[in-house]
Amino acid sequence: MSEWIPISALPNLLLREPVGDGDIAVTPLSDNRIAAAVAEQPRIGEFLDRFTDAFGRPILPSVLIIRQDVIEAYGNTSAMAGFRDLLAVATIPNARAVYITHGAGMGAPVWSETFSIYPWMVDRHGKELVCRTPAMLGTHHVEEFRGQTDVGLPQHQVETSRVDGPLFNEILLRWHRRFSGDEASWEDRTLFRSLNMARAAMLMPGGVEFSFYDVGRLLTLWISAFEILLHPGPGGGIGEAQILDVLDRANWLDQRCADLAAEVKIGKHTTARTAASELCHRIYALRNDFLHGNDVRGEQLVINKVPFLLLASSLYRVVLATFLNLRAPPNKDDADAEAIAHYIGTLTYWREPQRRHESVILKAAGIGKG
């Protein structure tokens, strides 16, 4: 029996290398584990070969796989969705930051539909296709299947180098802890609940018919993602001031981000805060205006040519890193020249994602190079 089981197809995502660990991964079709599974159940291969774009051009879907001996713990929809949400949050904010700072996304995905799980899959017996969604429960023949990517979204290729490694690896450890079967802590539950909300906030506002109000709806989801993540638990409460406090005490690399140079008024109280907090305060104001039917103008959705809808991803990454206490490991006191050189590379690995998001925040705040 194959050691790995293909669980779902992700036709909007193209990979060259697998992303995951020894229990769960999203892989390209060329992965040896897919070949082993297809050798046992040929209809899986037939199913995966039947995907095209809207114009009939063949495409190569990616595949979510889980190791056979952990399928009982991780083969449920909550665990699979949690891993999908983790991958989306470790990829899309990075791509959005590059888009904002360089004027182009370098082909990387900026909308979370890229990580959509296809509803049809070969059944566990390897015979027919099955589909179970809130809208339908169905079965069909593999030979009649005609799978497609989302028609309003190009298939995006994700290189492993474009995944936020420090964030992905830390949350993956917590993914195991959250879904291993033991009772999950409040912190782990809120983490994956927040990731799920963040992925929803990174969906496209709509198709050809999307409107101004669709953007407002997604901004409200971002505020929800912030507040879910930092909620202290039953009996506690969370609000704007607590979110801004976390942004103010983040582990900033650029002193201009750490400076309490902005004034933010919440209620009757005005407080000196960071540029990130002031920007987040503006998103809160937009959220309130959209939800309560207040007048909102299109120009309010952009600041210094940075759309708040994309900026929210960078603010969320900062809050998430603070929540997770993401920090580069310290260097050893007795390190030799080779170890020091290796540590410099380690620092780059840890700091590059943070610097990228700080650049976005500085641009949105209108803070020039120091």
Side-chain angles (χ1 to χ4, degrees), residues 88-89 91-114 116 150-154 156 197-228 239-241 243-244 247 257 261-267 270 273-319 356-368:
V89 170
T91 304
I92 293 171
N94 261 2
R96 290 182 168 190
V98 172
Y99 178 83
I100 291 169
T101 56
H102 291 75
M106 309 299 184
V110 295
W111 306 112
S112 58
E113 282 90 347
T114 296
S116 293
D150 281 1
V151 295
L153 184 83
H156 278 106
M197 189 65 74
R199 181 198 54 85
M202 292 188 294
L203 291 167
M204 290 190 294
V208 294
E209 80 295 349
F210 93 91
S211 75
F212 175 79
Y213 305 109
D214 295 315
V215 175
R217 183 186 67 254
L218 294 179
L219 287 174
T220 69
L221 297 184
W222 273 120
I223 296 300
S224 182
F226 288 128
E227 294 192 350
I228 290 169
E240 180 182 359
I243 306 301
L244 303 193
L247 285 168
C257 288
E263 289 191 349
V264 174
K265 185 177 182 180
I266 301 176
T270 300
R273 292 193 177 274
T274 59
S277 284
E278 198 274 335
L279 293 167
C280 191
H281 175 65
R282 289 174 181 262
I283 295 177
Y284 259 95
L286 284 169
R287 187 280 302 261
N288 292 340
D289 286 340
F290 273 110
L291 282 183
H292 298 295
N294 299 332
D295 183 40
V296 184
R297 300 181 306 278
E299 58 266 27
Q300 292 176 260
L301 301 182
V302 179
I303 183 169
N304 293 315
K305 299 183 179 180
V306 178
F308 278 108
L309 186 59
L310 303 186
L311 168 65
S313 303
S314 288
L315 296 175
Y316 183 73
R317 201 279 181 184
V318 173
V319 171
R356 188 176 295 125
H357 294 293
E358 290 187 16
S359 295
V360 170
I361 291 166
L362 291 171
K363 180 177 180 179
I367 301 174

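On a predicted model such as this, the values are computed, not experimentally measured, just so you know.
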Partners passing side-chain contact (heavy atoms from CB on, under 4.5 Å) against Ala312 (at least two apart in sequence or in another chain):
Trp222, Ile283

Step by step, would you call Val318 with Ser314 a side-chain contact (heavy atoms from CB on, under 4.5 Å)?
CA-CA 6 Å; Val318 173; Ser314 288; 5.8 Å; no

Taking side chain as C-beta onward, heavy atoms only, is [X] less than 4.5 Å from [Y]?
{"X": "Asp295", "Y": "Asp289", "answer": "no"}
{"X": "Trp111", "Y": "Pro205", "answer": "yes"}
{"X": "Ile266", "Y": "Tyr284", "answer": "no"}
{"X": "Val302", "Y": "Phe308", "answer": "no"}

On a heavy-atom basis, which atom in Met202 and which in Ala88 lie closest, and how many Å separate them?
CE-O, 4.0 Å

Can you name the closest pair of heavy atoms from Ser116 and Asp150 and give their distance?
OG-OD2, 4.4 Å

With a 3.5 Å distance limit and no angle check, can you tell me whether [X] reaches the backbone of [Y] through a side-chain donor-acceptor pair?
{"X": "Lys363", "Y": "Val306", "answer": "no"}
{"X": "Ser277", "Y": "Leu244", "answer": "yes"}
{"X": "Glu227", "Y": "Ser224", "answer": "no"}

Within this structure, what is the [atom1]-[atom2] distance for the pair [X] and [Y], rounded to the nearest 0.5 Å?
{"X": "Ile361", "Y": "Glu358", "atom1": "CD1", "atom2": "CD", "value": "7.0 Å"}
{"X": "Leu362", "Y": "Asn304", "atom1": "CG", "atom2": "CG", "value": "11.0 Å"}
{"X": "Leu309", "Y": "Leu286", "atom1": "CG", "atom2": "CG", "value": "10.5 Å"}
{"X": "Asp214", "Y": "Leu219", "atom1": "CG", "atom2": "CG", "value": "11.0 Å"}

For Glu263 and Arg273, what are the C-alpha separation, side-chain angles and deciding distance, and is it a side-chain contact (heavy atoms from CB on, under 4.5 Å)?
CA-CA 6 Å; Glu263 289 191 349; Arg273 292 193 177 274; over 6 Å; no

Whether Phe290 and Tyr213 hold their rings parallel, tilted or perpendicular, with breakpoints at 30° and 60°
perpendicular

Would you check if there is a donor-acceptor pair between the side chains of Ser112 and Arg199 at a distance under 3.5 Å?
no

